[in-house]
Amino acid sequence: MKKYLSVPVRAIATLLVFFSLSIGVLAAPDFEKAEKSKNNTSVETVYPGGMPFGIKLYTEGLLVVELSEVECDSGTVSPAAEAGIKAGDVIICVNGKKITTAEELVSQIEKSHEKLEITYLRDKKEYTVNIKPCLSKDDGKYRTGMWLRDSTAGIGTVTYIVPESGEFAGLGHGICDPESGEPVKFIRGIANNVKISGVKRGDAGAPGELKGYFTDLGTGVILKNTNCGIFGIFNKESAYENCQNKISVGKRSDIKLGDAEIISTVDEKGPEKYKIEITELSDSDKTVNFGIRVTDEALIEKTGGIVQGMSGSPIIQNGKLVGAVTHVLINDPLCGYGIYIESMLGAAV
């Protein structure tokens, strides 16, 4: 049997990430139920997931993604660049007021376009500069020459839901900063329903991806972003009313090499079971715990194997939830990695 975990790691986390600036209104989650669930010594039965969900994390401040030039009456200028702003800086205050969304910055520019006092973070140090926006000839609006991001969003798969509280976990890995590799810190997180609209098949050297879109906002809240996954609470039972029957949680000692199943949504039919093989077990890494290989011909025909967006797909063996899909091998989309469900449950509390 081929040893997949011994291969030099050329794998990517199977989360499909895209960016958005929309803002949603949330109903209050039932924190009391969640706390009661967390006070249990252990979670023994859960609803298995397999359904896609949307993730939206609002970070502290506005990340400067790129600088650009503005065409104005005096010529082509970049107000932000001239003030010393660089890509990667994080704007935290404008005119002495804390700021968390791009809309807030646009409002401040319109109110005080003669001069903006910008406070930003760079290498964990705080700086303050003055920027004079330029009146753009293209649209007649004042511009600073900055492309900004106030949130990170993406599509993943739910791993499990705790019946008593609506607590859920997904992805099996964190959403991490590309530079530090650490889980992104956020001040507010939203879970959304998602409609899968298509799939890009995976090939060797070109990972595939699920394609989809958010169908609403406010299905739940996201409370934690950890190396072992995303955790939150669904505040609408409709988010999981069509779940399959409850299933027992398996321990590390329950997992064996050989046949298993994953539950994933890759088309309009919703969550379905697909055959896989567990190829190797390992305790050398906290989050990449075992190798998997897709053997289901129907899934291979639809997706080519494991694709981005399938992160968090529950792995079932001998009637127990034992883990979740986390990564796909770039050069072989049939193969990837999983995380023990014990690791995810441990990170949830």
Check: A204 main-chain N/O paired with N331 side-chain donor or acceptor under 3.5 Å:
no
Side chains of E277 and T295: donor-acceptor distance under 3.5 Å anywhere?
no
R143 side chain vs C72 backbone, donor-acceptor pair below 3.5 Å
no
Salt bridge flag under 4.0 Å for residues R293 and D332:
yes
For S68, is there any backbone N or O sitting under 3.5 Å from a side-chain donor or acceptor partner on S78?
yes
Looking only at atom types and distance, does a side-chain atom of T215 sit under 3.5 Å from a main-chain N or O of K195, one as donor and one as acceptor?
no
What pairs with P52 under side chain to side chain contact (heavy atoms under 4.5 Å, CB included), at least two apart in sequence or on another chain?
I155, V194, I196, T265
Using only atom types and a distance under 3.5 Å, with no angle test, would you say the side chain of N95 pairs donor to acceptor with the backbone of E117?
yes
Would you call D259 and K275 a salt bridge, taking side-chain N to carboxylate O under 4.0 Å as the test?
no
Has the side chain of T326 got a donor or acceptor atom that lies under 3.5 Å from a matching backbone atom of Y337?
yes
With a 4.5 Å heavy-atom cut-off, do Y120 and V90 have their side chains touching?
no
Show every donor-acceptor pair shorter than 3.5 Å between a side-chain atom in residues 249-258 and any protein atom, with sequence neighbours excluded, or say none if there are none.
residue: R252; atom: NE; partner: D283; partner atom: OD1; Å: 3.3
residue: R252; atom: NE; partner: Y340; partner atom: OH; Å: 2.8
residue: D254; atom: OD2; partner: K251; partner atom: N; Å: 2.7
residue: K256; atom: NZ; partner: S253; partner atom: O; Å: 3.3

For T303 and G305, indicate whether the former's side chain and the latter's backbone hold a donor-acceptor pair under 3.5 Å.
yes
Do the two ring centres, one from F234 and one from F168, sit under 6.0 Å apart?
yes
Donor-acceptor contact below 3.5 Å, side chain E82 vs main chain P79:
no
Donor-acceptor contact present, side-chain T157 to main-chain G50, <3.5 Å
no
